[in-house]
Amino acid sequence: MAYDHREIEKKVQAKWAELDLYRADLSDDPPAGGKEPYYLLVEFPYPSGDLHIGHWYAFAVTDIYARLLRAQGKNVLFPIGFDAFGLPAENAAMKHGEDPKAWTYANMTRMREQLASMGASFDWSKEVVTCEPSYYQWTQWLFAKLFEHGLAERREAAVKWCPKCLTVLANEQVLDGCCERCGTEVEEKRLTQWFLKITQHAERLLTGLDTLPWREEIKEAQRAWIGKSEGAKIKFNVRTSDSESTDIVSPYIEVFTTRPDTIFGATYLVLAPEHSLLQDEGFRKPLMNAKEVEAYVEATKKKTERERSENKEKTGVKLEGVMAVNPATKEEIPIYVADYVLGSYGTGGIMAVPAYDERDREFAEKFNLPIREAEFVDWDTVASIGGEKATQYRLRDWLVSRQRYWGCPIPIVYDPEGTPHAIPAEHLPWLLPTDADFTPTGKSPLASSKELQERVTRIFGEGWTPEYDTLDTFVDSSWYFLRYLDPKDSNAFSDTELMKKWLPINRYSGGSEHTTMHLLYARFFTQALYDLALVPVEEPFTERFNRGLIMGPDGAKMSKSKGNVINPDEFVQKHGADAVRIYLAFIGPYNEPGSYPWNLDGVAAMRKFLERIDRLVDRNIEGLTKSLDTGTECKDFVSPEIQQALARTSVKVAQDGDRFKFNTSISTLMILVNELEKQESISKDTLAQLVIMLAPFAPHLAEDLWEKLGGEGSVHKQVWPAAVVIVASEKEVIVQVNGKRRGSVTLAQDASEEAVTAEALKIPTVAAALGGQEPKRVVYVPGKILNLVV
RNA sequence: GGCGCGGUGGCGGAAUUGGUAGACGCGCAGGUCUCAAAAACCUGUGGAGUUAAACCUUCAUGAGGGUUCGAGUCCCUCCCGCGCCACCA
């Protein structure tokens, strides 16, 4: 008889709610006999409205770990919330004429139910919702702190613009030249925007990685993104090149190079078309082909960086009338403007060494410039010509302004002179106005709010104006894990004492797409707040695991157009939430970013496994009842084999769980069930242990079985079975000849090498393999292996 | 192009970190039950070979070398896949 999962899920979920089972008491203190705190974090969802299979994989499997930890006596904080500001809400609002807020809140209601349906043991009392004023008040407060300390700055810069989302983007949100959200190719503009100065933390973001036990690929991706290069800055004087005068024009051109030792081979200089000298009057004066240069600069402006890099054919224009002087050779060398040099990196100018740089060589060959292999010089020589050691990073400052409505208002006002001021804390939360036309036009929707302007005038006076942009949603999510500790506090963003106790987060599970976005931002935020003595740790996440991807049954990425999308609800209806949970956990290791095809038979197989356990308990409960009826002692005999098996399972399930290898945890449980099924009768205690170990994986069925067994309270409050190990008196030793297995002997644990060897030689296959020869050498690993070498 | 991570049956994946390769599950094959089928259960299942049968032999962890008593695991060379970065000087 198959169990009725729908009824069980309903019943036990109500029971858990009634018992308020998953609330973590954060002040529970270890010295006072409390449990050790463990902060388990999973990236909070965007309220998109429907839980898809990826959500299940993210939350249901991480939940297994939360339950394993609780069973092992940890005080587990496993919170959840919603990353609720963001663009899709506005898009939906435009499409259906709904209010972004109404859309967001309706979705959150729906998702809370769905998250409950998977049996996730979140502590909802700690919920944070980033679009609520009680939350974004503190996003604003923290932004103001960063502003006061010079880490937030408004300035003009070349920025990426998404023509579809009609907003600027951070560098991190541009993937292969396209918008991370919608895939549209981005444009470049020069705009005045708000930046968070993450580049000030480049070095610490780099060195901090060395202290973290993360997988190498995550660290390497961040290192590559930060992109540190060490080299030198060298100044080249510039002269007019008419024959009589060798006037020094405009002070000099400074270049950055990672190879200052090749300066003898620098046969020309190249400026990026964006280089400020090209706009400098003094520099332009002697130019004989200023118009041609101007035309080239203009043509480059029309190209995106992507177009510049896709066209590998080198282009450029020589600056006629000026020459640079190589400070090492004192030689006059030509200066070019070429778009293969980027204005946004280094000094925007390079010394070209065509002998050792592929790109310079291509350019030199095309323009017939000299290619000289040179002697290499040491650092003293470089220093003697004015070279200075310099380090460059690829990382750009984080652009956080967004010309969109549904986001956290930037807590800044401008005085009549246009100088920005942080809005004082007493006026926070600085509310998102409700009278703005949120249709994105490229201009900030908040500019259309009368209420906002009136509010500014009322509070700050005539002539003052509000900031109209909202913050990138990645700012909201850069500190949410701090708020979980104290989500309702209206006096502080978090609680100092609780932060000391609960930070850093023990384990953070999420998606690999956040490696060079959210994960980098959150580290920066934490470091910055650490410097302001607002948080007690420099690194927020001790361990980080990127989970893999669930693919369609055909092995391809799920997409509506391919028709291979798996809807978890169908499987939950048919096989139950527990079967889906176990299937997702069994599919492969959770700590590796692999991609796993959804196997249609897989969930059914997991359901069968659960039914076998259900039957096993039922069958034996009958037996237990009978023995009670006859008055015999119920606590019956447990064979050493079963005791051994229980001990083995208890250790291995917990160990593998700790490595996020739930697949082998479950296979270990399967092996135990296979063994138990062979027993004629099983004691109640044995069944109880099985059910406790099943509970993290199949929380609903386990709770039901626990009740059947007459257990007190909830199975999820039980402690993990202690491993009662029986020390075997005998041990099997593998016998090898020349490293190949030829048999085995079972002898006393402490048998001597001689005794094992003597016994091994009696095995016919061993004797045959030896062919009558005496072993030249014997390798004995006590209790494991005896290798006879001939 | 640079860096990182991988490559194990028909499939997802195991392998105590140098010690019986292929756990567990899917799939497949055969069987029990049935008039039949489904479900359920049982048995088998890397290739090749010897055999009455094998707890027998042999080959096998992308390819080729090496270290070692012993290598999926360590080292070298190469091939392939995935990820990140990429005209970053």
Side-chain angles (χ1 to χ4, degrees), chain A residues 2 175-176 215-229 231 255-259 262 270 272 305 308-314 338-342 344-353 356-360 362-363 392-395 512 515-516 546 555 582-583 586-589 592-606 608-609 611-612 615 651-652 655-656 661 663-671 673-674 677 732-744 764-765 768-769 775-781 784-790:
Chain A
L175 309 175
D176 288 327
R215 287 177 68 89
E216 207 49 38
E217 64 246 31
I218 305 178
K219 295 201 215 182
E220 278 304 316
Q222 288 208 350
R223 286 191 190 112
W225 186 260
I226 296 165
K228 180 179 184 176
S229 297
V255 303
F256 172 71
T257 176
T258 54
R259 292 292 307 277
T262 63
V270 187
E305 273 193 19
R308 280 168 70 168
S309 69
E310 268 172 3
N311 182 14
K312 299 272 177 186
E313 179 72 20
K314 297 281 178 290
D339 69 0
Y340 81 93
V341 173
L342 305 174
S344 57
Y345 186 79
T347 62
I350 62 158
M351 64 176 210
V353 187
Y356 303 111
D357 186 284
E358 214 179 303
R359 298 151 302 184
D360 295 343
E362 274 174 46
F363 190 87
Q392 285 292 326
Y393 299 91
R394 212 195 64 94
L395 187 71
S512 54
T515 302
T516 52
N546 286 353
I582 291 204
Y583 174 65
F586 189 66
I587 203 165
E592 292 173 22
S595 51
Y596 308 106
W598 181 271
N599 181 341
L600 294 167
D601 295 307
V603 189
M606 294 306 119
K608 283 177 199 167
F609 169 61
E611 283 178 8
R612 280 165 59 201
R615 277 201 300 275
V651 170
K652 181 129 174 80
Q655 259 176 10
D656 289 353
K661 293 200 61 161
N663 53 336
T664 50
S665 285
I666 290 169
S667 84
T668 306
L669 284 171
M670 287 172 169
I671 292 167
V673 170
N674 290 345
E677 275 180 335
E732 186 187 29
V733 175
I734 307 297
V735 180
Q736 298 180 334
V737 176
N738 289 333
K740 290 202 166 144
R741 192 206 159 133
R742 298 296 173 186
S744 71
T765 48
K776 280 199 220 103
R777 187 176 160 187
V778 177
V779 181
Y780 182 52
V781 184
K784 266 191 175 171
I785 285 244
L786 179 80
N787 190 10
L788 305 172
V789 186
V790 289

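Chain letters run A, B, ... following the sequence lines, proteins first and then strands; every chain starts at 1.
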**Request:** May I ask you to verify whether the side chain of A:Lys776 and the base of B:rC69 hold a donor-acceptor pair under 3.5 Å?
**Result:** no
**Message:** For B:rA14 and A:Lys661 - does any side-chain N or O of the residue sit under 4.0 Å from the phosphate oxygens OP1/OP2?
**Reply:** yes
**Request:** Round to a whole Å and report the spacing from CG of A:Leu175 to P of B:rC85.
**Result:** 7 Å
**Asked** Taking the side chain from A:Asp360 and the backbone from A:Val353, do they hold a donor-acceptor pair closer than 3.5 Å?
**Response** yes
**Message:** Tell me if B:rU68 is syn or anti. Syn = glycosidic torsion within 90° of 0, anti otherwise.
**Reply:** anti
**Fill in**
A:Tyr393 OH to B:rA89 C1', in whole Å, measures 17 Å
**Asked** Is any side-chain N or O of A:Asp601 under 3.5 Å from a base N or O of B:rC26, one able to act as donor and the other as acceptor?
**Response** no
**Fill in**
Taken to the nearest whole Å, CZ/A:Phe609 to C1'/B:rA23 is 14 Å
**Residue-phosphate contact under 4.0 Å: A:Asn674 side-chain N/O, B:rG25 OP1/OP2** = yes
**Out of B:rG19, B:rG4, B:rC85, whichever nucleotide has its closest atom nearest the side chain of A:Glu216** = B:rG4
**Prompt:** Would you find more than 12 non-hydrogen atoms of other residues, nucleotides or ligands less than 6.0 Å from A:Glu358 atom CD?
**Reply:** no
**Item:** Comparing A:Glu732 and A:Arg612 on RNA chain B - which has the more 5′ nearest nucleotide
**Value:** A:Glu732
**Donor/acceptor link under 3.5 angstrom from A:Gln736 side chain onto base of B:rG19** = yes
**Request:** Both distances under 3.5 Å, Watson-Crick or G-U wobble: report the partner of B:rG1, or none.
**Result:** B:rC85
**Prompt:** Any side-chain N or O of A:Arg308 under 4.0 Å from OP1/OP2 of B:rC87?
**Reply:** no
**Prompt:** Taking only side-chain nitrogens and oxygens of A:Lys740, does any of them come within less than 4.0 Å of OP1 or OP2 of B:rA21?
**Reply:** no
**Side chain of A:Ser667 - closest among B:rA40, B:rG12, B:rA23** = B:rA23
**Request:** Report the distance from atom CD of A:Glu677 to atom P of B:rC24, rounded to the nearest whole Å.
**Result:** 13 Å
**Prompt:** Taking the side chain of A:Asn787 as its heavy atoms from C-beta onward, which of B:rC84, B:rA40, B:rC69 lies nearest to it?
**Reply:** B:rC69
**Atom P, compared across B:rC76 and B:rG6: separation rounded to whole Å** = 15 Å
**Message:** Among B:rA89, B:rG12, B:rC85, which nucleotide has an atom closest to any side-chain atom of A:Arg394?
**Reply:** B:rC85
**Message:** With rounding to the closest Å, how many angstrom separate the P atoms on B:rA60 and B:rG72?
**Reply:** 10 Å
**Request:** Can you tell me, in whole Å, how much space there is between the C1' of B:rA14 and that of B:rG66?
**Result:** 28 Å
**Asked** A:Asn546: what forms a side-chain hydrogen bond (donor to acceptor under 3.5 Å, both in side chains) with it, not counting sequence neighbours?
**Response** A:Thr515, A:Arg544
**Message:** Can you work out whether A:Ala221 or A:Ala272 has the more 5'-proximal nearest nucleotide on RNA chain B?
**Reply:** A:Ala221
**Message:** If I pick the P atom on B:rG12 and the same atom on B:rU32, what distance separates them, to the nearest angstrom?
**Reply:** 34 Å
**Request:** Taking all non-hydrogen atoms of both residues into account, name the closest pair between A:Tyr345 and A:Phe256 and its distance.
**Result:** OH-CE2, 4.2 Å
**Complete:** The nucleotide from B:rG12, B:rC87, B:rG13 with an atom nearest the side chain of A:Phe586 is B:rG12
**Message:** If the cut-off is 4.0 Å, is A:Tyr345 near the phosphate of B:rA89, judged by side-chain N/O to OP1 or OP2?
**Reply:** yes
**Complete:** note: A:Lys608, atom NZ; B:rA39, atom P; distance rounded to Å ~ 7 Å
**Complete:** When both distances are under 3.5 Å in a Watson-Crick or G-U wobble arrangement, the nucleotide paired with B:rG30 is B:rC42
**Request:** Rounded to the nearest angstrom, tell me the gap between atom CD1 in A:Ile785 and atom P in B:rU16.
**Result:** 14 Å
**Request:** Identify the nucleotide, in any strand shown, that forms a Watson-Crick or G-U wobble pair with B:rG6, with both distances under 3.5 Å; if there is none, say none.
**Result:** B:rC80
**Request:** Please report the closest heavy-atom contact between A:Leu786 and A:Tyr780, naming both atoms and the distance.
**Result:** CD1-CD1, 3.6 Å
**Message:** Against the six-membered ring of A:Tyr340, is A:Lys314 placed for a cation-pi contact (under 6.0 Å from the centre, within 45° of the normal)?
**Reply:** yes
**Message:** Between B:rG22 and B:rC41, how far apart are the two P atoms, rounded to whole Å?
**Reply:** 25 Å
**Asked** Does A:Arg215 place a side-chain N or O at less than 4.0 Å from the phosphate oxygens OP1/OP2 of B:rG83?
**Response** no
**Prompt:** Atom CZ of A:Phe256 to atom P of B:rC87: distance rounded to whole Å?
**Reply:** 16 Å
**Request:** Would you name the heavy atoms of A:Pro597 and A:Ile587 that are closest together and state the gap between them?
**Result:** O-CD1, 3.7 Å
**Prompt:** Under 4.0 Å: is that the gap between some side-chain N or O of A:Asn599 and OP1 or OP2 of B:rC11?
**Reply:** no
**Prompt:** Using atom P of each nucleotide, how far apart are B:rU43 and B:rG62 to the nearest Å?
**Reply:** 32 Å
**Message:** Using OP1 and OP2 only, check whether a side-chain N or O of A:Ser229 sits under 4.0 Å from B:rA89.
**Reply:** yes
**Message:** Check whether A:Asn787 reaches the backbone of A:Gly739 with its side chain - one donor and one acceptor, N or O, closer than 3.5 Å.
**Reply:** yes
**Complete:** Its glycosidic angle compared against 90° from 0, B:rG10 adopts the form anti
